[in-house]
Amino acid sequence: MPVQRMIKRALPRAAFTLVVMAIYAFMFLPIAVVLVTSVGASRYLEFPPRALSLRWYQAVLVKDWIEPARVSFNLALVSAAIATLLGSAGAFAIVRHRFLGRDAIAALLHSPLAIPSIVAGVAILQFFTVVGAKWLLGFPALLLAHAMETIPFVTRTVSVSLLGVDRTLEQAAMNLGARRWQTLRHVTLPLIKPGLFAGAAFAFVISFNNVNLSLFLVRPGVITLPIRIMNFLEFGVAPVLAAVNILSLAAVLVVVAVAERVGGFTKFLYGQ
Amino acid sequence: VRELVVNAYGGEYEEIIKATILRPFEQTRNVRIVYDPTGSASADFAKIRATRGDPGWDVVVMTAPESLIGCQLALLERLSEDRVPNQKFIYHEVRNGAGPCGAVQELQYMSLMYNTRNVTPPPTSWRILWDAKYKGRIIVPDIGNILAVYLLFMAAYMNGGDQHNLEPGWAQIAALRDNALAVIESSADMVPYFERGQAWLLPYWDGRAHYYKNRGLPVDFLIPKEGTVGLVNTLNVPVGAKNKELAYEFINFWLSKEMQEKWAQAYTVGTARVDTVLPPEHSQRHVTSIRQLKTLKIPDFLYIGQKRSEWAERWKKIMVR
Amino acid sequence: MATIPDVELRGVTKRFGSVEAVRDVSLQISRGEFFTLLGPSGCGKSTTLNMIAGFVDPTDGLVFLRGECVNYRPPFERNTAMVFQNYALFPHMTVWDNVAFGLRMRRVSAGELRRRVDEALEKVRLAGFESRFPRQLSGGQQQRVALARAIVTRPAVLLLDEPLSNLDLKLREAMRLELKALQRELGVTTLYVTHDQSEALVMSDRIAVMNHGRIEQLGTAVDIYERPATPFVASFIGTTNFLRVRAVEMWTDGRASVVTAGGLALEATVGSSAEGDRLMVAIRPEKIQLLSPALTDEGFHRGVVVHAIYLGSMVRYIVALDGGEEIAVDQVSGDNAVTWTKGNQVAVRLSPQHCLLMSDR
Amino acid sequence: MATIPDVELRGVTKRFGSVEAVRDVSLQISRGEFFTLLGPSGCGKSTTLNMIAGFVDPTDGLVFLRGECVNYRPPFERNTAMVFQNYALFPHMTVWDNVAFGLRMRRVSAGELRRRVDEALEKVRLAGFESRFPRQLSGGQQQRVALARAIVTRPAVLLLDEPLSNLDLKLREAMRLELKALQRELGVTTLYVTHDQSEALVMSDRIAVMNHGRIEQLGTAVDIYERPATPFVASFIGTTNFLRVRAVEMWTDGRASVVTAGGLALEATVGSSAEGDRLMVAIRPEKIQLLSPALTDEGFHRGVVVHAIYLGSMVRYIVALDGGEEIAVDQVSGDNAVTWTKGNQVAVRLSPQHCLLMSDR
Amino acid sequence: MTGTHDALAMPAAVVPRRSVPGYLPLVLPPVAYLVIIFVIPLALLAVLSLLRHEAGLIVNQLTLENYAKLLGDTYYVRVIYRTLGTSLAVAFFVTFLSYPVAYFLTRTRTTWKPVLVALVLAPELSGVVLRTYGWLVILEPEGLLNTVLQRLGLLDAPLKLVHNYAAVTIGLTHVLLTFGVFTVMASLQAMDPTLELAAQNLGANRVQTFLRITLPLTLPGILGSFFLAFALAAGAYATPAILGGKTVEVMSTLIYTQLLYILNWPLASAAAVILLVIVLTTLMLLGRFGARRGAVL
Ligand SMILES: Nc1ncnc2c1ncn2[C@@H]1O[C@H](COP(=O)(O)OP(=O)(O)OP(=O)(O)O)[C@@H](O)[C@H]1O
Ligand SMILES: Nc1ncnc2c1ncn2[C@@H]1O[C@H](COP(=O)(O)OP(=O)(O)OP(=O)(O)O)[C@@H](O)[C@H]1O
Ligand SMILES: [Mg+2]
Ligand SMILES: [Mg+2]
């Protein structure tokens with residue numbers, strides 16, 4: 001009888017797993033299309049392709065694509081770091097403190113989300129012109145703007161995590177002689193890792209994919225991957241773009257896989 | 001070494017412009033060109049406007065409407081004949097259309113692009129866009145794209161109106177919407193529907209249409225019997241440009257006879273220079289002669305600029321469900 | 001002037017909204033003292049410790065550590081170590097790392113760190129559990145990690161909030177010895193909260209009995225137990241029989257002659273709070289002698305056993321006295337588990353020395 | 001056939017990785033019985049409760065509730081109510097909602113719900129705290145909410161994991177009475193884990209003493225206390241003096257003549273585990289009579305007081321016997337707090353009835 | 001007792017006061033940063049929303065007519081409603097679909113967990129244009145989905161799944177799932193799973209346990225996911241533009257068109273200001289909702 005019951009108990013779990021797999025399938029549906037088109041041989045996008053070829057992948061592995069990819073990667077990395085710092089500080093302030101104007105500050109920290117980035121792009125370009133800071137255009141301006149744009153993500157996710165932290169743990173740490181930053185480093189940060197990671201990952205991908213802010217802040221010669229893609233799009237969606245997307249997706253997955261191998265990444269993040 | 005920053009076409013066209021114009025210019029002069037393919041003409045204009053005329057380029061390719069407003073707002077330099085001597089070889093009608101700040105480096109028109117497999121015989125009239133037989137096979141440009149304005153013009157002309165009397169045209173837009181597969185803003189986003197075989201008919205620039213035809217798509221393009229409207233692309237120099245003299249020299253170079261002939265063929269477009277000689281298979285399909293030019297309606301770009309916002313609102317109210 | 005107390009509270013009050021958790025508490029604890037807070041659930045013991053550790057700011061009053069006012073001083077500048085009532089172990093660290101935490105913060109050298117952590121784990125009988133995570137431990141094991149984590153730092157002041165509540169008697173005894181040793185060897189000042197009265201009585205140099213946020217009595221174990229100041233203290237610690245007083249005559253030698261509500265005539269000692277007109281006599285069950293009625297003389301009162309409760313090493317008899325009052329009497333279980341049973345006639349002796357007269361506040 | 005036991009474990013084992021938390025435990029608890037698990041920290045008590053409640057699947061063995069095998073049955077189909085060692089109160093609900101939760105799940109009508117929740121809160125002395133959130137309560141108050149939340153559902157089986165550990169003595173006693181009343185009135189079967197031995201002895205119908213995941217002895221309170229089966233049980237519950245045996249002679253009447261390692265000649269009762277060649281005699285401190293040496297006759301042994309410890313109602317004397325062995329002797333503190341002091345010559349009587357001979361496993 | 005009097009008498013009692021409020025060092029850097037890089041630039045642009053646009057040019061004349069138009073003209077009001085409706089729907093679907101995935105990823109012990117976690121990033125990483133192109137291929141009248149459904153005989157006429165609000169909702173839901181999953185996970189991770197056991201012990205079945213314990217306790221994550229998805233959906237341009245086509249208009253496409261093509265910057269910036277107000281109001285409402293249930297947003 002327990003065996004029957006074991007099965008009976010396993011059923012809802014299996015059903016649940018199925019639902020989850022269905023959602024994953026939903027996530028991968030369009031990506032599968034992109035993947036298939038990326039190995040098409042023709043000069044324009046075909047689905048399904050009539051002939052297969054890896055020529056577009058070869059076409060990607062040239063300086064014209066790799067250089068913007070490098071710029072984008074550096075940009076995403078550094079701006080995510082800045083956003084993570086600033087956004088987390090904001091999250092700590094609004095979750096951990098009660099003060100006059102807290103709601104207003106919470107609103108401010110989230111407001112970059114509320115403006116289409118094309119508007120922010122134009123606004124920042126205009127601002128830099130007015131204050132004579134046009135020399136910032138290019139990497140510095142991109143960095144400043146991307147970090148601005150991604151602060152809300154970090155603030156949001158870190159707030160979520162922070163709300164779940166038992167404050168007596170921090171008290172315990174301070175009681176054991178940990179100063180504030182030590183408490184932060186050894187107790188609070190490890191406990192909010194999931195939120196920090198989520199925020200930083202969001203910041204990274206948002207920056208990595210950003211078109212509309214970058215459009216106004218790039219400088220000739222220093223362009224990002226999405227801008228390079230956009231320039232390409234002036235004459236339609238070419239199969240090479242599918243290859244670009246699949247490769248950058250693969251690159252990130254490889255990075256995660258390596259981090260997993262080397263550092264036990266998910267365990268580090270989400271515990272057992 | 002002098003440096004010149006040029007903002008123009010992106011994608012596969014980057015190679016074409018580099019080979020056709022930029023390298024010859026660099027080689028004949030001691031000049032290094034920094035090429036920036038970023039941004040469509042509209043984005044470029046927004047950049048010029050946001051930077052009060054100092055976007056960082058010396059030369060930028062835009063279309064006549066942007067060139068005109070830029071000129072009105074004093075964001076662009078005037079390109080008189082003493083600055084760009086080759087200007088005097090450009091057809092006057094065209095120069096007038098582009099205004100004092102734009103040097104016309106190419107001439108295009110709105111063609112009717114169609115799928116050669118599914119649309120037989122080839123269309124002869126713009127009315128095919130309203131034909132119920134092709135319901136759900138038509139791509140209509142959205143008002144953000146100047147193609148939509150041209151289409152509105154054509155609808156007006158066909159129904160007894162003109163550029164300044166659009167009411168007969170407006171009356172046709174709702175029907176156009178109902179016949180359309182999709183209404184698309186960006187020119188680049190329209191072609192994939194052809195590639196996937198979903199759409200068969202589209203008002204499109206002759207240059208781009210020719211490009212896709214050459215790329216192997218089963219399409220062709222033509223000017224229907226009612227005629228069509230021409231588009232003027234211009235070279236411009238923002239007021240904040242660092243190397244204005246060199247910029248004028250560059251524009252002059254591009255407007256030279258040799259370059260105009262080469263460029264028209266490379267980009268599959270027409271030219272507004274009077275003395276160019278092009279092979280017939282090219283000149284038949286693109287506007288290269290005064291005769292062809294006469295058949296084109298050259299729009300009042302100034303008027304378009306003034307009315308665009310009002311039209312956009314009216315258009316949207318019809319299109320958006 | 002006296003030496004500076006290691007821990008001092010002056011008129012400390014803490015309000016949570018409308019709840020007054022601690023009211024006007026003042027106390028002084030000297031260096032190396034073992035001081036216990038005793039009191040019913042919710043009387044403000046944990047809140048008091050939290051204010052000393054610096055987790056909670058007093059609404060009013062001052063907190064001194066080693067003579068220095070520490071109000072608004074952050075916890076990490078106070079050199080106290082606390083065992084939290086709910087342990088507060090770091091879930092993301094192993095047992096070893098939990099215990100090592102305080103030493104790491106103090107930048108103790110690697111060798112000494114290892115030695116001291118191992119020693120602390122040894123002390124709480126958790127050698128071998130180093131690499132487990134808290135969630136992989138039983139409740140009592142977790143509590144011992146919390147204890148080890150606090151003592152390993154050798155703090156100036158140890159704040160223990162029911163640190164042994166989830167341990168079995170043997171372990172509890174062993175841990176008590178460790179705590180006493182710590183106090184003796186390092187002169188650690190210890191503030192202790194416990195619900196185990198015998199523990200409090202055995203361990204403490206002094207005890208403060210709290211009730212409703214106030215200190216009711218502060219004194220040595222013998223003070224508190226033998227000379228409770230108020231009926232609350234008398235009844236809270238140990239068991240006490242209260243006999244309502246109907247008439248009283250006080251003598252100058254600190255004694256009083258009393259007639260209880262049930263008509264019992266008694267001699268009693270006058271306690272420190274014997275004021276007002278509602279008085280009573282308190283006497284502990286184990287201070288009452290229980291004898292067979294055959295042995296009675298005039299110092300004895302007669303009664304009937306109405307209930308006999310086996311308490312392991314003791315038996316508690318509930319005796320109905322002739323006047324109708326019921327009192328509890330404790331006897332060592334001795335040779336026979338139970339000496340008397342329900343209905344037995346007995347005689348009780350309430351000696352004046354153990355009958356304490358106090359006001360019924 | 002006997003009635004079906006309400007709770008039954010058959011050969012239940014639980015392993016966490018390489019840790020064997022519970023080993024081959026079998027027991028049967030009848031309906032309405034008050035059954036206590038006693039044992040040192042980490043011996044597997046909580047794990048056993050968790051398996052009965054259905055939170056943990058046994059690695060091996062079967063769990064029966066009301067005669068039905070419930071392995072792999074989800075917790076909500078078992079009709080047990082548990083008080084968790086760490087309370088597990090719902091932080092997002094008020095006290096009232098926490099307590100009402102179980103009844104809401106049972107779709108109890110609004111009126112009855114209100115009545116029963118109020119009554120349960122009354123029982124745990126938390127009337128007036130209804131709208132507080134758990135984080136606004138003291139440790140003991142939280143524990144009482146956990147208790148109220150469990151008893152309010154009137155479950156078939158009540159699983160209590162140290163439910164009173166953070167309560168003061170008075171409250172603990174009151175709560176015990178409530179639990180007993182519940183058992184009496186509703187016939188609730190109760191599985192109780194406690195570290196308070198006197199609690200276990202007073203409350204339980206039967207007690208299982210666990211050690212290292214195994215049951216060492218299972219019996220009534222008197223069995224366990226008076227006739228411990230193993231030295232572990234004897235030493236774990238209460239205090240016991242062990243005297244190592246050098247020579248023994250067993251008689252047929254269940255008595256034995258024994259010579260201890262220190263040379264003491266004793267009569268002892270043969271216990272159930274008196275096998276093997278390493279034997280010892282166990283005797284509880286309070287079963288030993290302590291007298292002035294003047295009173296000695298042949299049944300007495302002489303010794304010297306080396307230590308006197310005040311335990312409130314008792315005094316514990318450590319007496320060094322003439323053979324060199326030290327034993328603890330408990331005496332009611334009586335009239336004087338301490339009767340003998342260090343260095344006093346005394347006589348002790350170790351009556352054969354309380355000297356238990358057992359093997360030294 | 002004499003405690004208070006002693007305190008007055010003792011000269012040594014120097015009471016330290018709290019110096020800087022603890023939140024200042026936390027608040028200042030991000031606030032200063034955002035003020036410089038966001039607020040001031042935006043304000044400079046937003047000033048335009050108060051100017052008149054006439055005959056294609058900005059006239060230096062203060063007016064509220066841009067706002068009056070956006071908030072008064074039924075067409076623009078409908079755009080605002082559509083934006084709200086689509087964004088709310090997207091936020092709902094994102095949160096609804098993210099939750100099971102986040103729950104699964106938090107509780108699973110499968111060795112595939114790292115892979116599954118990493119894969120959640122995929123939609124966001126696959127680039128908006130191509131991803132949307134993929135959706136077109138799947139959803140359009142002769143696309144994969146309709147073809148399959150028709151082959152299976154489930155459909156007679158193709159479903160219209162592109163160039164409408166449904167398509168926009170599907171596309172945005174898809175791309176924003178990444179945000180939903182990770183945000184909910186951050187909340188689930190912090191929850192004590194024994195609370196679920198406690199509920200089941202009290203007779204709550206799995207559904208009840210979920211609804212009454214897990215869900216409320218992860219409310220911060222749910223609200224966080226909802227808000228992020230809402231704000232991102234309201235501001236997204238490419239997906240609505242491509243999947244919706246231009247028969248669909250939402251605030252972001254309106255702003256984009258006006259800013260880049262129609263060149264009516266006053267109207268575009270007024271629309272941006274309105275969008276900002278909408279999103280921040282939503283944030284505030286969600287915050288209130290959360291606070292009432294003990295979860296501060
Ligand atoms: N998840 C786990 N992984 C490994 N070991 C565990 C785990 N949970 C419990 N244990 C071990 O199992 C043993 C029994 O644990 P259990 O919680 O049942 O003890 P207990 O008798 O309740 O102790 P206490 O009185 O201290 O609460 C302990 O040694 C504990 O360390
Ligand atoms: N955050 C709070 N909000 C409101 N009341 C609180 C809060 N914290 C504690 N209290 C109340 O203050 C009183 C004292 O709490 P405290 O934790 O100090 O009690 P305690 O003596 O430690 O009790 P216990 O022995 O039960 O742990 C209690 O009545 C409690 O309900
Ligand atoms: Mg407490
Ligand atoms: Mg336990």
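Lettering of chains follows the sequences in order, A, B, ..., and the numbering in each one begins at 1.
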Structural part of [X] lying under 4.5 Å from a heavy atom of chain E:
X	value
A/V34	side chain
A/N212	side chain
A/P12	side chain
A/M21	side chain
A/L35	neither
A/I105	side chain
A/I31	side chain
A/S38	neither
A/L253	side chain
A/I151	side chain
A/F204	neither

Check whether the ring centres of [X] and [Y] lie less than 6.0 Å apart, and answer yes or no.
X	Y	answer
A/F202	E/F179	yes
E/W135	A/F26	yes
E/Y33	E/F38	no
E/F226	E/F93	no

Which one, [options], leads in non-hydrogen pairs under 4.5 Å with chain A?
options	value
E/F230, E/W265, E/Y256	E/Y256
E/L44, E/T173, E/L119	E/L119
E/L136, E/L34, E/V129	E/L34
E/A122, E/G221, E/A46, E/G235	E/A122
E/I40, E/I255, E/T183, E/L116	E/L116

Margin query: So, using side-chain contact (heavy atoms from CB on, under 4.5 Å) as the criterion, who are the partners of A/A114 when residues are at least two apart?
Written below: E/L276, E/V279
Check: Under the side-chain contact (heavy atoms from CB on, under 4.5 Å) test, which residues partner E/S98, sequence neighbours left out?
Finding: E/V94, E/L177, E/V181
Proximity breakdown for [X] and chain A, heavy-atom pairs closer than 4.5 Å:
X	result
E/V39	side chain
E/L28	neither
E/L259	side chain
E/L130	both
E/V27	both
E/A272	both
E/L275	both
E/L139	neither
E/I170	both
E/V31	both

Using a cut-off of under 4.5 Å for heavy-atom pairs, which of [options] has the most such pairs with chain E?
options	value
A/V165, A/T155, A/I23	A/I23
A/F92, A/F28, A/F127	A/F127
A/I229, A/I118, A/L191, A/T157	A/I118
A/V244, A/N209, A/L233	A/N209
A/V36, A/I246, A/V19, A/L29	A/L29

Using distance alone, with no hydrogens and no angle criterion, decide if [X] and [Y] have a side-chain donor and acceptor under 3.5 Å apart.
X	Y	result
A/S207	A/H146	yes
E/S225	E/Y99	no
A/H97	A/R102	no

Item checked: Inter-residue atom distance E/Q189.CD - A/S161.OG, 0.5 Å rounding -> 8.0 Å
Check: Once you round to the nearest 0.5 Å, how far does CZ of A/F73 lie from CG of A/L225?
Finding: 12.5 Å
Does atom [atom1] ([X]) have a neighbourhood of more than 12 heavy atoms from anything else shown, all under 6.0 Å?
X	atom1	result
E/F96	CZ	no
E/R107	CZ	yes
A/L11	CG	yes

Using only atom types and a distance under 3.5 Å, with no angle test, would you say the side chain of [X] pairs donor to acceptor with the backbone of [Y]?
X	Y	value
E/T281	E/V277	yes
E/R131	E/P123	yes
A/T150	A/A147	yes

